[in-house]
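Take a look at the structure below.
Just so we're on the same page: letters track the sequence lines, and every chain starts at 1.
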Number of protein chains: 2
Amino acid sequence: MSKRINDLYQVKEKMYVATDCIIFGFDKGKLKLLIFKRKLEPLKGEYSLIGSFVRLDEDLEVAGRRVLREATGLENVFMQQLKTYGKKDRDPGYRCISVALYALIRIDEHDEELVEEHGAHWYELDQLPGLILDHDVMVNDALFQLKQNARYKPIGFELLPEKFTIPNLQSLYETIYQRDLDPRNFRKKVLSLNVLEKLDEKDKSTSKRGAYLYKFNEENYRKLLESGYHFEIA
Amino acid sequence: MSKRINDLYQVKEKMYVATDCIIFGFDKGKLKLLIFKRKLEPLKGEYSLIGSFVRLDEDLEVAGRRVLREATGLENVFMQQLKTYGKKDRDPGYRCISVALYALIRIDEHDEELVEEHGAHWYELDQLPGLILDHDVMVNDALFQLKQNARYKPIGFELLPEKFTIPNLQSLYETIYQRDLDPRNFRKKVLSLNVLEKLDEKDKSTSKRGAYLYKFNEENYRKLLESGYHFEIA
DNA sequence: TCAAAAGTGTTGGCGCTACACCCATGT
DNA sequence: ACATGGGTGTAGCGCCAACACTTTTGA
């Protein structure tokens, strides 16, 4: 115990910077979050976001990508700064400021084994266990941000696999907004954006008739993002 | 010189966290930024934003408010996190991560003497001198954010004095958006928000006829903010 | 009396919402 | 043949953009 107190004393002499990642995924019509059961002290066995200290010789953004890669095996993930959390007592062990990032990944592309190795699990949002420290707050803030962003950018697209159907996309938006959307209006709207390319394939996994698969036209998608387009789907 | 190198070596052993404030003001139809001529080494005489290291026993937000108070004498300022800058070589002297904040203040309320004391000056945006480190980037990002925020929240209001005219408000938005707005449409829109209270006074400083002064109805203004109202003035 | 800014209404078009039925196909 | 989800069109409404003239009053 005296060792622990000593540790505390030492570490509070120094400022640490960490990044924590709020990793969203979308699967089977559910928005999910990747969270971790801690394998090490302190707080072993508790749930948390995944994070890491930022190394002295490492760019902040690089640290974020490193954490994501270590957790999911993915390299080119959509990632964005959320907010920096800096209450002096947010972590009882260290004086640590945390830059929270949120990431959107395609669940079907992540590396399952790597995920398992880190004691990670996908949880549906309404079944999340309590998280350590201020991680619950981070998740709430990230969700809010996700909703905001989904309004003004076609951001939800990052969460779908390469080929997807319009009902898939709609279901994603319904999950984010937490309400039903009209299928006719939704279709009209997304098609009017000119970022979808209809493929000659159908996905028959959810209906007998099957739904046409689409993919993004990268070019147009990029242009849309750049133009700061206002993407409200009501 | 060897002392300098020695310093560098020492400080790069440690992580520092700073906050830098992008302080916007609005005066005489111009959007201005409060910037500082450094009185101390390193980079003495160069222009920069104002900032400070975050103390070990100080909340991040408290540090931000402290910096603002020290620079302007104001306590209850609109302040918001912008972004955290963390490139490993962003500051050649320290390994320092900076949480940038942006603030909107009413120029008429700030403490002029305090401002002078810190070697601060209000610069119009298009006449800014170059700033040290990545402060130019921060300013650009803040401007972008200001524009974004002005679209969805009646944020520009923070920049005006307590009593103001509708043409004042319009001119503020024109400055932020960098384009002219139609006075009839503008007036219609802002009045429709129900946050303005017409006073029985006129401001005759800009015309013979004079323009009615307004103030905010705090109650309704707060409600509007809470409701996440979408405030686009085109 | 004139210059300079404040203040005021209307119309057309576009985009959003609401709404109900047929289609394709596997079982 | 029927159940299941996929796909389609239209009409009304509200909101935004465009647009020009009158009012006030100090100089």
> Got a sec, which pairs hit salt bridge (charged side-chain N to carboxylate O under 4.0 Å, His left out) with one end in residues 156-170 of chain B, sequence neighbours left out?
Replying inline: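 Residue pairs passing salt bridge (charged side-chain N to carboxylate O under 4.0 Å, His left out), neighbours aside: B:K163-B:E201.
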
>> Among residues at least two apart in sequence or on other chains, which ones pass salt bridge (charged side-chain N to carboxylate O under 4.0 Å, His left out) with B:R187?
In response: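 Counting only residues at least two positions away or on another chain, B:R187 forms no salt bridge (charged side-chain N to carboxylate O under 4.0 Å, His left out).
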
> Atom CZ of A:F186 and atom P of D:dG9: how far apart are they, to the nearest Å?
Replying inline: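 Computing the A:F186:CZ to D:dG9:P distance gives 18 Å.
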
>> Run the side chain to side chain contact (heavy atoms under 4.5 Å, CB included) test against B:N140 and tell me which residues pass, sequence neighbours left out.
In response: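 Testing B:N140 for side chain to side chain contact (heavy atoms under 4.5 Å, CB included), a comparison that skips the adjacent residues, returns none.
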
> Taking only residues two or more places apart in sequence or in another chain, which ones pass side chain to side chain contact (heavy atoms under 4.5 Å, CB included) with A:R184?
Replying inline: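 A:R184: side chain to side chain contact (heavy atoms under 4.5 Å, CB included) contacts with A:D182.
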
> When you measure from every atom of DNA chain C, which of residues 201-212 of chain B have a heavy atom less than 4.0 Å away?
Replying inline: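 When residues 201-212 of chain B is checked for heavy atoms under 4.0 Å from DNA chain C, the hits, listed by number, are B:T206, B:S207, B:R209, B:G210, B:A211, B:Y212.
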
>> Under the rule for side chain to side chain donor-acceptor pair (under 3.5 Å), what residues qualify as partners of A:D59, not counting sequence neighbours?
In response: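 Listed in chain order: nothing, the list is empty.
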
> Which residues, if any, of residues 158-168 of chain A bring a heavy atom under 4.0 Å of DNA chain D?
Replying inline: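 Contacting residues: A:P167.
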
> Do B:N149 and B:Q145 have side-chain heavy atoms sitting under 4.5 Å apart?
Replying inline: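 Touching, per the 4.5 Å side-chain cut-off.
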
Protein-nucleotides 8-15 of chain C N/O pairs closer than 3.5 Å?
from, atom 1, to, atom 2, distance (Å)
C:dT10, O4, B:K188, NZ, 3.0

For residues 21-37 of chain B, dump all side-chain donor-acceptor pairs below 3.5 Å to protein atoms at least two apart in sequence or in another chain.
none

>> Taking side-chain hydrogen bond (donor to acceptor under 3.5 Å, both in side chains) as the cut-off, I'd like each qualifying pair that reaches into residues 206-218 of chain B, sequence neighbours left out, listed once.
In response: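 Qualifying pairs, neighbours excluded: B:E197-B:N217.
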
>> Can you list everything that forms a ring-ring contact (aromatic ring centres under 6.0 Å, His included) with A:Y123? Sequence neighbours excluded, please.
In response: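 Partners of A:Y123 by the ring-ring contact (aromatic ring centres under 6.0 Å, His included) criterion, ordered by chain and then number, come out as A:Y47.
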
> With B:F144, which residues qualify under ring-ring contact (aromatic ring centres under 6.0 Å, His included), at least two apart?
Replying inline: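 Partners of B:F144 under the ring-ring contact (aromatic ring centres under 6.0 Å, His included) test: none.
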
